[in-house]
Structures are given as structure tokens and as C-alpha cells.
Amino acid sequence: MKDVPFTLELNAPDFIPSQYDKHIRRTLSAMKGQYSDQESYACLLAKEDSLLYEVYEVTRPELAGELLQGISIVHPGQVGDEYFMTKGHFHTVLDTAEVYICQKGQGVMVMETPEGDWAVEPLYPGCVLYVPPRWAHRSVNTSPDEDLVTFFVYPGNAGHDYGAIEEQGFRKLVVERNGQPTIIDNPRWSAPEVEK
Ligand code: F6R
Ligand code: ZN
């Protein structure tokens with residue numbers, strides 16, 4: 001890998017970077033146990049293992065001084081009344097932040113800390129979202145028909161820890177109610193035990 005400056009272009013309409021090293025595709029089957037309406041999940045999966053989201057990554061060495069960047073595209077759709085979304089993760093090095101810049105679409109970022117604090121921030125074209133260190137994050141596409149496209153950048157040594165989220169999901173779910181995105185409690189989630 002050459003250590004020289006380089007420029008990427010994010011070209012409309014799909015914003016796929018002009019150069020990238022990895023293209024990750026996550027389908028419905030990769031989200032087993034993540035959607036609260038398990039019957040709808042099984043029903044959809046029986047029909048087709050649909051593509052939910054894609055990530056185009058520009059790889060750099062996994063070092064603290066490096067920055068990894070790329071584009072995340074969450075396609076529109078729902079499992080029951082819950083919107084298509086990413087798996088979501090903590091960074092393995094918990095004290096690492098991330099910046100997201102929304103290029104296209106409508107959605108939200110669902111976030112939470114290991115202590116159970118939570119936040120949901122809107123994603124819309126041109127907005128810049130700062131995910132502080134220690135906050136797990138999941139992008140949710142709330143549009144009925146448009147991709148949610150975000151550019152992201154985070155420290156090279158961050159790593160991804162999917163374990164806690166796979167176990168019980170995020171504290172909050174984003175579902176469609178009366179045609180509107182609505183935040184509800186995740187019945188599967190339980191508060192972390194507080195050490196005394
Ligand atoms: C990197 C990051 C994004 C996500 C991407 C897919 O730290 O947050 O690049 O990796 O949006 O989401 P996950 O990794 O949760 O499947
Ligand atoms: Zn991340």
C-alpha cells in the first residue's frame with residue numbers, strides 16, 4: 001500500500017467511491033435474530049434472501065493513526081413494521097469515534113452506550129453525524145423507496161464488535177406506525193448490571 005495522498009470521488013446517483021478495496025453485501029440471512037417480528041423475517045427469507053445493505057470500503061492499515069473510509073448503502077424495505085437496517089456494532093477499541101456524512105435518502109442512526117444510554121439522530125442529505133467514542137451505532141433507512149447512502153470515516157485501529165448487539169439488539173427499535181418512523185422499546189433488551 002502506497003503512503004501517498006489520494007482523492008476519492010463520490011459520484012451521484014449512487015455515490016459508490018471511484019476506488020475501493022472491499023465490497024461487503026449483507027442479506028436477510030445475515031440478520032438472523034435481529035428483527036423483532038420473527039414470523040415476518042422467516043416468511044420473507046423463505047421467499048428470497050434479499051440484499052439489505054452494502055458497504056464499499058477503502059482499506060488502510062489497522063493502525064491508530066490511520067483513517068478508514070467508505071460508503072454504506074442501506075436499501076429501502078421492512079421486515080414486518082421494522083425498517084431495513086445495518087447489524088450495528090460497538091468498536092472493539094471502545095474509545096474510538098466515527099463520523100457519518102449523509103449523501104442521500106432519509107433515515108436515522110440508533111446509538112447506545114454499554115451503560116444503556118441511548119440516542120437516535122436523523123440522517124438526511126448534507127448532515128454530518130458525530131458518533132462519539134463508546135457509542136454502538138446502527139443505520140436505519142426510513143424511506144419507502146430510496147437508498148440511504150452515508151459516507152463514514154473512523155480510526156484504523158477501531159475494529160468491530162458485533163457480539164453484544166447480536167445477543168439482544170439495541171435498546172430502541174425503529175418501526176413504521178401510522179406511516180411514520182417511530183421509536184419503540186426493544187422487548188428483548190435488558191439493562192446492564194450495575195457494578196456496586
Ligand atoms: C464502520 C461503520 C460502518 C458500518 C457499515 C455497516 O465502523 O460503522 O462502516 O460498518 O455501515 O454496518 P455494520 O458493520 O454494523 O454491518
Ligand atoms: Zn462503526
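Scope of the values below: all heavy atoms of this structure, side chains included, with no hydrogens, waters or symmetry mates. Quantities reported herein were computed from a predicted structural model and do not represent experimental measurements. When a ligand or atom number is given, it counts from 1 through the structure's own listing order.
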With a cut-off of 2.8 Å, strictly less than, protein N/O/S atoms near the Zn ion (ligand 2) add up to 4

Check: Asn178 side chain, Gln180 main-chain N or O, donor-acceptor pair, under 3.5 Å = no

Q.
Could you check whether any side-chain heavy atom of Glu66 comes within less than 4.5 Å of a side-chain heavy atom of Asp3, counting everything from C-beta outward?
A. yes

Donor-acceptor check, side chain of Arg138 to backbone of Val108, threshold 3.5 angstrom: yes or no? no

Measure from the side-chain N and O atoms of Tyr53 to the backbone N and O of Lys87, and report whether any donor-acceptor pair falls under 3.5 Å. yes

Pocket residues around ligand 1 (non-hydrogen, under 4.0 Å) come out as Arg26, Tyr53, Val55, Ser72, Thr86, Lys87, Gly88, His89, His91, Glu98, Tyr100, His137, Phe152, Tyr154, His160, Tyr162

Flag, side chain of Tyr41 to backbone of Lys32, donor-acceptor distance under 3.5 Å
yes

Partner of His89 under ring pair (Phe, Tyr, Trp, His ring centres under 6.0 Å), picked from Tyr162, Phe170, Trp135, Tyr154, is Tyr162

### Message
Treating Glu112 as the side-chain partner and Arg171 as the backbone partner, does any N or O pair qualify as donor plus acceptor under 3.5 Å?
### Response
yes

TODO: Determine whether Gln78 and Tyr35 make a side-chain contact, defined as any pair of heavy atoms from C-beta on separated by less than 4.5 Å.
DONE: no

- Query: Looking only at atom types and distance, does a side-chain atom of Lys104 sit under 3.5 Å from a main-chain N or O of Asp147, one as donor and one as acceptor?
  - Reply: no

